[in-house]
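Beneath this line is the structure, given in structure tokens, with notes to follow.
Remember, it's 1-based here, ligands and their atoms both numbered in the order they're listed. When a residue number appears, it is its place in the shown sequence, counting from 1.
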Amino acid sequence: MPGPLDPPPRLLMGPGPVNAYPTVLRAMSAGMVGQFDPAMTGYMNETMQLYRQVFGTSNEATLLVDGTSRAGIEAALVSLVEAGDRVLVPVFGRFGQLLCEIAERCGADVHVREVGWGDVFEPEQIEKAIVETEPTVLALVHGDTSTTMLQPFEGIGEICERHGVLFYADVTASLGGNAFVMDDLGVDVATAGLQKCLGGPPGSAPISLSPRAVERIERRRSIEAGILDAGDEIVEIPGRIRSNYFDLAMIMDYWGERRLNHHTEATSMLYAARECARVLLEEGIDEAVARHRLHGAAMLAGVRGLGLTPYGDVAHKMHNCVGVEIPPRADGERVDGEEVRKMMLERFGVEIGTSFGPLRGRIWRIGTMGYNARTDAVLTTLAAFEHALRHAGVGVPAGGGVDAALEVYR
Ligand SMILES: *Cc1c(COP(=O)(O)O)cnc(C)c1O
């Protein structure tokens with residue numbers, strides 16, 4: 001018989017998940033109420049209202065998809081995209097590739113544009129690709145943790161509007177730590193997760209849909225229900241949504257006034273999501289973004305103070321994540337990035353991130369997100385990092401990281 005669950009204390013400074021806010025963990029330990037208990041439906045309504053503020057939208061259809069961030073992405077794409085639809089995906093990291101993969105599985109005709117990892121797109125490049133491919137949907141990542149880059153969204157919503165394209169955005173990594181006002185940016189559908197800047201556990205995916213997006217999804221439902229009467233007119237018959245669990249028409253019916261049973265809302269995750277939003281709004285979104293900017297700047301300065309090189313075009317880096325090039329050792333030999341991570345975890349209880357794809361073995365990724373966007377978390381990480389680097393044979397200036405970060409805080 002294993003003992004009771006007792007995970008080791010860790011400071012999670014990777015690209016997510018991060019340590020949850022203590023009040024979020026407490027909210028999750030609250031007791032169950034029935035699915036249609038007025039207390040529960042009341043919490044659902046409150047959660048919708050809180051996330052309208054978090055996303056910066058007046059969209060009625062603002063709710064949670066039960067599952068990790070990927071569940072939100074999949075629900076959005078499977079509900080919006082019909083087989084044969086053209087979908088344009090500008091890719092600047094791993095999560096752009098994920099959007100392609102999911103759109104392909106929806107049967108879409110996927111068109112990809114790429115910039116090198118560490119870069120972002122100019123709006124003109126996206127407009128040119130829209131003109132060339134005439135997509136139904138533009139699917140774009142806001143902050144991609146794989147490269148730490150934040151794609152500027154200014155002007156892209158207008159471009160989509162002008163060309164009649166639906167704009168889907170994955171804002172999982174950026175929301176709450178970088179400015180994002182959905183309605184101002186003209187985003188039609190945005191999905192997120194809790195385990196980055198929102199400071200919660202993975203397992204719930206907030207989503208918001210514009211009336212235009214809702215209308216498109218509703219059309220696909222009416223066919224299924226046989227409501228659409230074509231009369232003499234020849235109408236294009238939209239395909240049925242090819243998922244039950246991720247059918248946003250049904251999920252909206254559950255969260256909306258009709259309260260039609262779909263799944264059982266994940267009660268404890270709803271508590272968590274509600275508390276994440278409440279904590280963020282209590283601090284103030286602008287204040288939270290400023291805090292992520294400050295601690296991200298301190299971490300960046302600390303990395304440079306250790307004589308290390310940040311990855312990519314730092315002018316476009318998210319506030320909450322920095323890539324760090326794995327340096328050579330003093331004797332010119334290769335440093336094993338995993339050895340450094342292992343020492344930080346085992347000796348200091350501090351986790352930093354590894355990397356994927358073309359960056360595997362080339363960079364570490366360090367996050368300062370949500371609850372962990374804090375001075376003590378930044379300084380502790382830099383102290384542990386310095387020690388582990390020296391242990392791995394890298395020549396680092398003593399105290400260089402902590403000193404440089406403290407300079408930012410001064
Ligand atoms: C971290 C991250 C996700 C995570 O998806 P999960 O299903 O929660 O693992 C999705 N999208 C982006 C852009 C991310 O940075």
Side-chain angles (χ1 to χ4, degrees), residues 12-20 24 55 64-78 89-103 105 114-115 117-121 138-153 156 167-178 180 182 185 187 189-208 243 245-246 266 269 272-273 276 292 296 311-312 316-323 351-357 359 363-370 372-373:
L12 300 178
M13 301 299 282
V18 300
N19 300 85
V24 171
F55 280 114
L64 303 176
V65 175
D66 288 350
T68 65
S69 324
R70 193 178 294 231
I73 301 170
E74 190 140 349
L77 292 181
V78 80
V89 188
V91 174
F92 61 100
R94 175 176 184 248
F95 287 101
Q97 293 173 344
L98 176 66
L99 297 184
C100 295
E101 208 262 342
I102 295 176
R105 287 193 192 219
E114 285 184 84
V115 287
W117 283 38
D119 283 328
V120 294
F121 288 87
L138 170 72
L140 185 59
V141 174
H142 191 215
D144 200 312
T145 38
S146 67
T147 69
T148 76
M149 294 299 123
L150 184 78
Q151 169 64 47
F153 267 21
I156 294 175
F167 184 6
Y168 163 75
D170 175 2
V171 301
T172 305
S174 49
L175 192 68
N178 305 265
F180 178 77
M182 183 170 180
L185 292 168
V187 173
V189 181
T191 64
L194 303 186
Q195 77 267 33
K196 309 275 169 87
C197 300
L198 296 179
S204 181
I207 182 171
S208 183
S243 169
Y245 192 70
F246 292 133
M269 286 312 304
C276 286
H292 282 88
Y311 170 75
H316 287 122
K317 163 183 116 42
M318 283 188 281
H319 292 144
N320 47 297
C321 197
V322 62
E351 181 181 279
I352 64 167
T354 175
S355 296
F356 309 99
L359 297 177
I363 70 167
W364 295 291
R365 292 173 304 148
I366 307 182
T368 39
M369 316 194 193
N372 289 352

Going by the 4.0 angstrom heavy-atom rule, the piece of Gln195 near ligand 1 is side chain
Determine the minimum heavy-atom distance between Cys100 and Val91, stating which atoms define it. SG-CG2, 3.8 Å
Where does the angle between the aromatic ring planes of Phe153 and Phe180 fall among parallel (under 30°), tilted (30 to 60°) and perpendicular (over 60°)? perpendicular
Which atoms of ligand 1 have any heavy atom of Thr68 under 4.0 Å away? 6 (P), 7 (O), 8 (O)
How long is the span from the OG1 atom in Thr148 to the NE2 atom in His316, to the nearest 0.5 Å? 12.0 Å
Can you tell me which residue and heavy atom of the protein come closest to atom 4 (C) of ligand 1, and the distance to 0.1 Å? Ser69 OG, 3.6 Å
From Ile352 CD1 over to Arg365 CZ, what is the distance, rounded to the nearest 0.5 angstrom? 10.5 Å
Short N/O distance, under 3.5 Å, between Asp144 and ligand 1? no
Provide the number and element of each atom of ligand 1 under 4.0 Å from a heavy atom of Thr145. 1 (C), 14 (C), 15 (O)
Show which atoms of ligand 1 fall inside a sub-4.0 Å distance from at least one heavy-atom site of Arg70. 5 (O), 6 (P), 7 (O)
Under 3.5 Å: donor-acceptor pair, side chain of Asp144, backbone of Phe95: yes
Taking all non-hydrogen atoms of both residues, which atom of Leu150 and which atom of Ser174 are closest, and how far apart? CD1-CB, 3.8 Å
Kindly compute the distance separating CD (Gln195) from SG (Cys276), expressed to the nearest 0.5 Å. 10.0 Å
Can you tell me the protein heavy atom closest to atom 10 (C) of ligand 1 and the distance? Phe95 CE2, 3.4 Å
Nearest-neighbour protein heavy atom for atom 11 (N) of ligand 1, which is reported as residue plus atom name and distance: Asp170 OD2, 2.7 Å
Just which atoms of ligand 1 are under 4.0 Å from any heavy atom in Ala173? 15 (O)
Which ligand 1 atoms, with their elements, are less than 4.0 angstrom from a heavy-atom of Gly143? 13 (C)
Only one of Asn178, Asn372, Thr368 forms a side chain to side chain donor-acceptor pair (under 3.5 Å) with Asn320, so which one is it? Asn178
Among all protein heavy atoms in this structure, tell me which lies nearest to atom 2 (C) of ligand 1, with the distance rounded to 0.1 Å. Lys196 NZ, 2.4 Å
